[in-house]
Amino acid sequence: MKKLLVLFVCCLCFSLAWSQQKQPITHESMWLMKRVGAPVLSPDGRWTVFGVTEAAYDEKEQSSDLYIVPTDASMPPRKITAGKGGETEYAWSPDGKYIAFVAKRDGDEVAQLYTLNIQDGGEAQRFTTLSTGAGSPQWSPDGKMMLFTSRVYPLCYSDSVNKKTEEEKKKLKYKARVYNAFPIRNWDKWIDEKQLHAFVQPFQPGSVAKDIFASVAMTKTEGFEFSQATWTADSREIVFAASPDRNTAAYQELTSYLYRVAVQGGDAVQLTSDKYDY
């Protein structure tokens, strides 16, 4: 009987101690929980890079850094960046030597592309300097170029023209928006006149980004909407999905088609004609 009583007391004490350790889930504990981004495998399959976001109620205090870990779990994850603004949209170079990512660091008015040498170490180097910023980096299969996107003003196919247009916009004393086509909002954000364009830049010092839509005729229409792009296997062309009639979304399902355009320039060639959304 004494043994049973001792066992009961021990169980009761353990239960009370366990109940004291447990705490209800709060909005704060959920919101401030660290968030792990999608892992990206290195070309040789030996390493994985991923992002970890440390949330904050004040958006300015939120940070996101990159970590690397061997796929065989032989070592713990190691932080490889430490920028206050955070790093996102990371991609391995085909040889596994570099990682490209998007970040807004000291001196950047908008987010730019950076590259980090994983094999030799060192600090990340700014790759792009566009006044309109850069995102969604993709290395060419031969590793010699980078494909990325940037939101630019219509008919402005050079960075100097985009920069001048932006400066003129800042001088305006009014903030009114005028719309003559649909849509006008994307969830909680107003849609401005800028278009998403695809750019290509050689991976070498002093290189300049090129808007590969500069000679694509349909980008000059108001209804053009580009969504995504990828390289061809020979690194000579870009295949992209776009809609030529975004303005019809008010009364019908928006349809996008596949196109291809040469990196060296020229108009786009339409590859599909069915009514599917790519």
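Side-chain atoms are counted along with the backbone in the values below, which use heavy atoms only and exclude waters and symmetry mates.
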Measuring from [X]:[atom1] to [Y]:[atom2], what's the distance to the nearest 0.5 Å?
X	Y	atom1	atom2	answer
Cys156	Asn162	SG	CG	5.0 Å
Glu87	Ser63	CD	OG	9.0 Å
Asp211	Gln201	CG	CD	12.5 Å
Glu166	Glu109	CD	CD	9.0 Å
Thr71	Leu41	OG1	CG	6.5 Å
Arg246	Ser227	CZ	OG	12.0 Å

side-chain contact (heavy atoms from CB on, under 4.5 Å) with [X]: which residues, sequence neighbours excluded?
X	value
Asp245	Ser243, Thr248, Gln252, Leu254
Asp108	Lys104, Arg105, Gln112, Tyr114, Arg126
Glu123	Gln125
Glu167	Lys163

Side chain to side chain, [X] and [Y], heavy atoms closer than 4.5 Å:
X	Y	value
Glu28	Tyr57	yes
Val263	Trp231	yes
Phe199	Lys210	no
Leu66	Phe101	yes
Ile238	Thr230	no

Side-chain ([X]) to main-chain ([Y]) donor-acceptor, under 3.5 angstrom:
X	Y	result
Thr149	Ala198	no
Ser140	Met145	yes
Ser150	Ala134	no
Tyr259	Asp267	no
Ser207	Pro202	yes

*When you check the gap from the basic side-chain N to the acidic O, do Asp120 and Lys97 get nearer than 4.0 Å?*
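Between Lys97 and Asp120 there is a salt bridge, with a charged N closer than 4.0 Å to a carboxylate O.
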*Parallel under 30°, tilted from 30 to 60°, perpendicular over 60°: which one fits the rings of Phe50 and Tyr67?*
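Parallel, since the angle between the ring planes stays under 30°.
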*Partner residues of Asp106 under the side-chain hydrogen bond (donor to acceptor under 3.5 Å, both in side chains) criterion, sequence neighbours left out*: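 Once residues adjacent in sequence are excluded, Asp106 has no partner under the side-chain hydrogen bond (donor to acceptor under 3.5 Å, both in side chains) criterion.
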*Mind checking what makes side-chain hydrogen bond (donor to acceptor under 3.5 Å, both in side chains) contact with Ser158, not counting sequence neighbours?*
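Counting only residues at least two positions away or on another chain, Ser158 forms a side-chain hydrogen bond (donor to acceptor under 3.5 Å, both in side chains) with Ser160.
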*asked:* Are Phe148 and His197, when compared by the centres of their aromatic rings, separated by less than 6.0 Å?
replied: no
*Between Phe224 and Phe213, is the ring centre distance below 6.0 Å?*
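For Phe224 and Phe213, the ring centres are under 6.0 Å apart.
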Other members of the hydrophobic cluster containing [X], with the 4.5 Å side-chain heavy-atom rule, please.
X	answer
Met33	Ile25, Met30
Trp187	none
Leu155	Tyr157

_Quick check on side-chain contact (heavy atoms from CB on, under 4.5 Å): which of Thr48, Val49, Ile99 does Val40 satisfy it with?_
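Exactly one option meets the side-chain contact (heavy atoms from CB on, under 4.5 Å) with Val40, and it is Val49.
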*Please list all pairs passing the ring pair (Phe, Tyr, Trp, His ring centres under 6.0 Å) test where one or both residues lie in residues 74-93, with sequence neighbours left out.*
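Residue pairs with at least one partner in residues 74-93: there are none.
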_To check you understand the geometry: which heavy-atom pair defines the closest contact between Ala229 and Phe240, and what is its length?_
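Scanning both residues, the minimum pair turns out to be CB-CB, 3.7 Å.
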_For Ser136 against Val102, the heavy-atom pair lying closest together_ = N-CG2, 4.1 Å
_Lys220 atom NZ, over 12 foreign heavy atoms within 6.0 Å_ =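 Counting other residues, nucleotides and ligands, NZ of Lys220 exceeds 12 neighbours.
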*If you count the non-hydrogen atoms of other residues, nucleotides and ligands that lie under 6.0 Å from CD in Gln270, is the total more than 12?*
yes
_On the six-membered ring of Tyr153, is Lys194 placed so that its NZ or CZ lies under 6.0 angstrom from the centre and within 45° of the ring axis?_
yes
*Which is it for Ile184 and Trp190 under the side chain to side chain contact (heavy atoms under 4.5 Å, CB included) test, yes or no, and what are the steps along the way?*
CA-CA 6 Å; Ile184 64 173; Trp190 294 102; 4.0 Å; yes
*Which pairs pass salt bridge (charged side-chain N to carboxylate O under 4.0 Å, His left out) with one or both residues in residues 149-160, sequence neighbours excluded?*
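Output for this query lists Arg151-Asp192.
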*Tell me the side chain to side chain donor-acceptor pair (under 3.5 Å) pairs involving residues 30-43, sequence neighbours left out?*
Ser42-Asp44
_Residues Thr272 and Asp274: side-chain donor-acceptor under 3.5 angstrom_ =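 Their side chains do not contain a donor-acceptor pair, so the 3.5 Å distance test is not met.
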